[in-house]
There are 4 protein chains.
Amino acid sequence: MSLWPRYCPPDFSIPELVHAPKVTTKPAPLDGVAPLDFHGTSNHPEYLHLGNGNWLLIAESRMDGVVVLRDGAVEVVEARRLKKGDPVVVGRTENGEEGIYVHPYGFAVPEVVDDEKFSFRTRGTRETPFSRSYDDLYQVLRHDRDHGHIVWVLGPAVVFDRDSRSAMQGLIENGYCHALLAGNALATHDLEAALFGTGLGQDIYTQKLAPHGHYNHLEIINRVRLHGSIKAAIAALGLSDGIICACEKYGIPYVLAGSIRDDGPLPEVITDVCQAQDAMRNQARRATTVIAVATQLHSIAFGNMLPGYRVLLGGEVRPVFLYLVDMSEFSADKLANRGSAQAQAILTNAQDFMVNLFNNLLKE
Amino acid sequence: MSLWPRYCPPDFSIPELVHAPKVTTKPAPLDGVAPLDFHGTSNHPEYLHLGNGNWLLIAESRMDGVVVLRDGAVEVVEARRLKKGDPVVVGRTENGEEGIYVHPYGFAVPEVVDDEKFSFRTRGTRETPFSRSYDDLYQVLRHDRDHGHIVWVLGPAVVFDRDSRSAMQGLIENGYCHALLAGNALATHDLEAALFGTGLGQDIYTQKLAPHGHYNHLEIINRVRLHGSIKAAIAALGLSDGIICACEKYGIPYVLAGSIRDDGPLPEVITDVCQAQDAMRNQARRATTVIAVATQLHSIAFGNMLPGYRVLLGGEVRPVFLYLVDMSEFSADKLANRGSAQAQAILTNAQDFMVNLFNNLLKE
Amino acid sequence: MSLWPRYCPPDFSIPELVHAPKVTTKPAPLDGVAPLDFHGTSNHPEYLHLGNGNWLLIAESRMDGVVVLRDGAVEVVEARRLKKGDPVVVGRTENGEEGIYVHPYGFAVPEVVDDEKFSFRTRGTRETPFSRSYDDLYQVLRHDRDHGHIVWVLGPAVVFDRDSRSAMQGLIENGYCHALLAGNALATHDLEAALFGTGLGQDIYTQKLAPHGHYNHLEIINRVRLHGSIKAAIAALGLSDGIICACEKYGIPYVLAGSIRDDGPLPEVITDVCQAQDAMRNQARRATTVIAVATQLHSIAFGNMLPGYRVLLGGEVRPVFLYLVDMSEFSADKLANRGSAQAQAILTNAQDFMVNLFNNLLKE
Amino acid sequence: MSLWPRYCPPDFSIPELVHAPKVTTKPAPLDGVAPLDFHGTSNHPEYLHLGNGNWLLIAESRMDGVVVLRDGAVEVVEARRLKKGDPVVVGRTENGEEGIYVHPYGFAVPEVVDDEKFSFRTRGTRETPFSRSYDDLYQVLRHDRDHGHIVWVLGPAVVFDRDSRSAMQGLIENGYCHALLAGNALATHDLEAALFGTGLGQDIYTQKLAPHGHYNHLEIINRVRLHGSIKAAIAALGLSDGIICACEKYGIPYVLAGSIRDDGPLPEVITDVCQAQDAMRNQARRATTVIAVATQLHSIAFGNMLPGYRVLLGGEVRPVFLYLVDMSEFSADKLANRGSAQAQAILTNAQDFMVNLFNNLLKE
């Protein structure tokens, strides 16, 4: 299996690590507050020295989490979830001096180092060739459909176009989506399209503005609220196409996280952002491949809580792939600047991206 | 006073309006659900015919609200806030046929209509000349400092730069800010700068990355949470500069609306987005000028709930100015595409915008 | 045939036009200088009154051209091409007052006018649904392959990616390109890919930077210059794939217009920009469909010289389609702001656009 | 004087360099063609070993040039300027193996290396703090006004706004501009503003579209052509404000390089792009600070031909500063991807940038 390089754990037999002290903890001083010198996790594999050369790999990590270590069991949580007295790992160093070892190079392919003093094209932009990125992604998706956990993070742009929306529907129907993370807008406009054929009042195929079209999203929201749930509304209104209907039909879990931009919102929207984060984080713990499309808010939010690796059942460590699809270098850079440097950006329109995936994964 | 054109109400003596029926209402079928044919408000002035030529101007309107009309008193609310049985105005027409008249041209300056068949530069872009927009804005701000209600909607970019952050601090100190709307990030990085001189770990002046700088925002959040509130933390940590300190010192209300991207969050952050909207809406009802800088999320959210006009105490109707400062045409178009067409875009970097305002309003 | 609406000429029987004066000319005062009150053409159909109700439609017009009218024969030229004494049409009005009638609405589909006072999504952005634009374009290309003149205007981004470059090669091989307009960079990097598999030193598939890759474009330029021509170099170096090879093989004319960014340049590059414009203008006179991809410079240049219509041999008037493919709203707006308002923008990455066309036109 | 770090030449006493061979040359096989294994220059300092430990620093280098070495005298030229038989330096290595040593780190400030495994904000974006960049630039300009050679590279956006255009005029009047590089558009719209107060027909202050404004740029071009030169037209038309008038008044040389987008062009425009490059290159040889504003075409063109250092009269080596002002990360990345990695990007609107410079350099 060559979809990714084999993971190489650190060499704990080197003197610095052999003589490393045990990791230490301090009790959380209050609910939701960490000890002052708390250790903050990265999205890289990190090991804690439990003593006697016993280094424990932290599973289900995330960026900017804290580590509760109790009786040799470790959990990475957000500081707001700490309870007073929880034993929290402390220390800021990364090389073992405090019993913490961060290991970002476990999947690095040994390569001839490029040491030229002058070179072109060192930065990824819209002009980077993406054929290979697509091909890699197709392979990963084919693998993870049956042996992984594919999480989609979608902005509303995906449903504003007919072909793009149908493509995503098809990917769900064919097993390429194990969970969907989105906001009220994605779900609202997808259901708006199912009922009216429009997105924010504009026909998703002809581009025409429907008469009184600016009512359409309010209409669908009001009707779903009247029926009490998306599921009930789909049945009552006879809706059948689109992303949300496919999720409902195939039992794909979806998390609709609230935002201050929401109209309505739909009943399923989690309006408390901390609760929404918790629901998203449950998917981050399981994800093997994440595709974040046309949403800076949700992409960065989920990127923050996503580890760069996953420990599989047999103990094997594999990378977690994070693809970012956006139109601007700024969005890709922003994700990188907030620590999600492993994200692979494909800079293009969400519509074409979705259609490409459909064509390559589902049309033969 | 010529900062804006005098408002011209509709001519209700024209036959169509003279013979218009009374507006009608229907009871809300459930809590949080509007009657199916509810009337959705725009951000323009709208009038309801109460009978006998008595047309009532809706005050404190917003986009996509519903109208509760009870005993001649009118209130525009979000549909989610309806109680079962509330009398909700119904009707979708705008020209009086159902007793509803929408009046978008009350502030229009009579002008020679441009009817050329071919012309250049019909679209606003980064190449639009903004000198006049700035000059107008300076005048409006000088007026509204004493006779209006200036609301700022800020993204974190404003505090990532020293001069920009100081400029905003100066504007607050000098009365140019009556309310601040932002998210956890703005407040966190502003306080991070106050304590460490950095924004997300990068020195806000020298651009250098501080050692272990990626801890800095977690540190400040953790310390504020330890002290229980921003106010307490400012005192305990001896913080004195920046936007949040200025708000606290001068008693400027600020709303920190939660989002799924938040670390922490700070104690003052309203994590329920509906409650956050309600707090923002309170400012929208009073705003006379709004300046939204470098935040698509908050700009669109607040644009949605902001009327295009305000009814002053004496009954005078004035425009509510909405300035959008952003780097991309896409953001400006997006605001317009969601109905906030009155927004005046200034396409530039938030940093320069803030410094410009400071230089022109405060340096003589 | 319904690919476009039937052209409706103006009604010259209305009184204003019946009584319109004859158009007048004045002699050019100097070589390359127009009379002070010259008439500047738009890209719309324009008619000149030759007297007695005889209105002549200007063929092969362009934006910002001047009209030489001699013995009832009309030609639109750039002012720099005037010879002293040439009879140049004068007058600035568009409605017949000076014998000139501009007719922008010949292809307008009669439509119910949208007179809503409030609406969403009035501006085209990356979130506009493009499925229909693609479908229309496929139809037009299938038609114009055999019955029109398809001109491509390409930026170098098209050849930086393997699949995109192959797609364009396939379109040429299958008759979907009657002329190619580009610059030195497109040709250089296409030939670089043919020889080295790289674009500016980066592998067009694997994204890897080749050792000393920053020499590759200089190498190919130097070798082509050594062999004296692209054709000779292709033979000598045994090149066979890519866009330029396909043009050479199938006899597709290509214009390589020089710019100050050029390395080399290749021998075929026209280094005088006026001569380059003249060569491009020859294609503009014949074009029926233009697809401009990822090049603001060439897109705006060619948009300026492209009429919005073409008079076919039998006298039928048809629209000239102009598609603009770019990543940013700014580029689309810029084209519109310089008068090419008829351009249909598809906002996406050039790579995906090319692959889409290939998949839909050539893969069954 | 601490505006830049002192230049540290290479240590030629290290064994690899002591034993380095002499650099070799081969004759150019044809006019405009380099030997196959030519050495291509970077924009870094490069040294040629002339034998016996005599290493010659190449002065007036550029990116992608070739080196003619004759009788110990060295000149960097574009390959197209070679004459058959010219002795051209050959070799591709950078470390002395072929007598060529590339030295990119001469100005590097010794610094504690950042070896953190995880960090934020490693990429420059619009959110990078620019206060320091501005302050540095002010200092450099104050120095170079009297002791350097400041070259401006301007896109037309600079003259589309009143305050921005006046700011540039003021900088010229006060000695902050030793040469101006631009295209036909900048000069045309600047003169259009001087005559009509518009840019492409739009009032540069009020934003109003002038009646028949789309004629304005054609008018000014035609009139200048009628008078034969810009200087003559300024006198004849009584023009007095703006950038071009200031250049004429103060004798500042300006190069107007032609492009295929040009209307007209103005008489002074160099329509042959190779000749235009040669004129620009003359400025590149002398430049000490370059400010490129809102023009990707001219910025990249000039960046290509600009060395990263300059050898002053006394032999001192100083850096050449290159500031890039643009709205998008893409433009900054593009410059870097073509080798101008030393460019310091300030991502903002040209208008604000110009006004900032004016306020800080000229208003006290």
Side-chain angles (χ1 to χ4, degrees), chain C residues 29-30 32-36 38 40 42 63-64 66 78-80 92-93 181 183-184 200 202 212 214-215 217-219 221-223 225-228 257-265 267 269-277 280 296-298 300-302 304-305 327-328 330 337-339, chain D residues 29-36 38 40 42 63-64 66 78-80 92-93 181 183-184 200 202 212 214-215 217-219 221-223 225-226 228 257-265 267 269-277 280 296-298 300-302 304-305 327-328 330 337-339:
Chain C
L30 290 175
V33 180
L36 280 189
F38 68 89
S42 70
M63 201 187 300
D64 292 344
V66 294
E78 296 71 30
R80 65 176 160 78
R92 296 284 161 93
T93 56
L181 310 181
N184 184 62
L200 263 181
Q202 183 175 37
H212 286 89
H214 67 90
Y215 271 99
H217 74 291
L218 299 177
E219 286 276 8
I221 290 170
N222 197 47
R223 294 188 195 188
R225 289 174 69 96
L226 177 69
H227 293 290
S259 97
I260 52 171
R261 270 174 60 180
D262 295 349
D263 287 299
V269 169
I270 304 173
T271 61
D272 184 88
V273 293
C274 294
Q275 290 176 25
Q277 285 179 334
M280 294 166 72
Q296 200 169 275
L297 172 63
H298 292 257
I300 295 179
F302 198 63
N304 284 354
M305 56 178 74
M327 286 289 272
S328 81
F330 177 53
N337 274 344
R338 273 136 190 89
Chain D
L30 289 175
D31 280 7
V33 180
L36 281 189
F38 68 89
S42 70
M63 202 187 301
D64 292 344
V66 293
E78 295 72 28
R80 64 175 160 79
R92 295 284 160 92
T93 56
L181 310 182
N184 185 62
L200 263 182
Q202 183 175 36
H212 286 90
H214 67 91
Y215 271 99
H217 74 291
L218 299 177
E219 286 276 8
I221 289 170
N222 198 46
R223 295 189 194 186
R225 290 173 67 97
L226 178 68
S259 96
I260 52 172
R261 274 174 58 180
D262 295 349
D263 286 301
V269 170
I270 304 173
T271 61
D272 184 89
V273 293
C274 293
Q275 290 175 25
Q277 285 178 334
M280 294 166 73
Q296 200 170 275
L297 172 62
H298 292 256
I300 296 179
F302 197 64
N304 284 352
M305 57 179 75
M327 285 289 269
S328 80
F330 177 53
N337 274 342
R338 273 138 188 87

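Both backbone and side-chain heavy atoms feed into the values below; hydrogens, waters and symmetry mates do not. Letters A, B, ... are given to chains in the order of the sequence lines, protein chains preceding strands, and every chain is numbered from 1.
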- If we only count heavy atoms from C-beta on, is the R338(C) to R261(D) side-chain gap below 4.5 Å?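 Yes, side chains in contact.
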Between [options], who has the most heavy-atom pairs with chain D when the cutoff is under 4.5 Å?
{"options": "P265(C), G258(C), S259(C)", "value": "S259(C)"}
{"options": "V33(C), N222(C), L200(C)", "value": "N222(C)"}
{"options": "H298(C), M305(C), E78(C), H214(C)", "value": "H298(C)"}
{"options": "L297(C), D263(C), T271(C), I300(C)", "value": "T271(C)"}
{"options": "V269(C), N304(C), N337(C), L218(C)", "value": "L218(C)"}

Who among [options] has the most heavy-atom pairs with chain C under 4.5 Å?
{"options": "A79(D), G183(D), G40(D), A276(D)", "result": "G40(D)"}
{"options": "D64(D), L226(D), L36(D)", "result": "D64(D)"}
{"options": "S328(D), C274(D), A34(D), G264(D)", "result": "A34(D)"}

Side chain, backbone, both or neither: which part of [X] has an atom under 4.5 Å from a heavy atom of chain D?
{"X": "L30(C)", "value": "side chain"}
{"X": "F302(C)", "value": "neither"}
{"X": "I260(C)", "value": "both"}
{"X": "M280(C)", "value": "side chain"}

- Task: Determine the minimum heavy-atom distance between E219(C) and F38(D), stating which atoms define it.
- Result: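 Distance-wise, the nearest heavy atoms are N-CZ, 4.4 Å.
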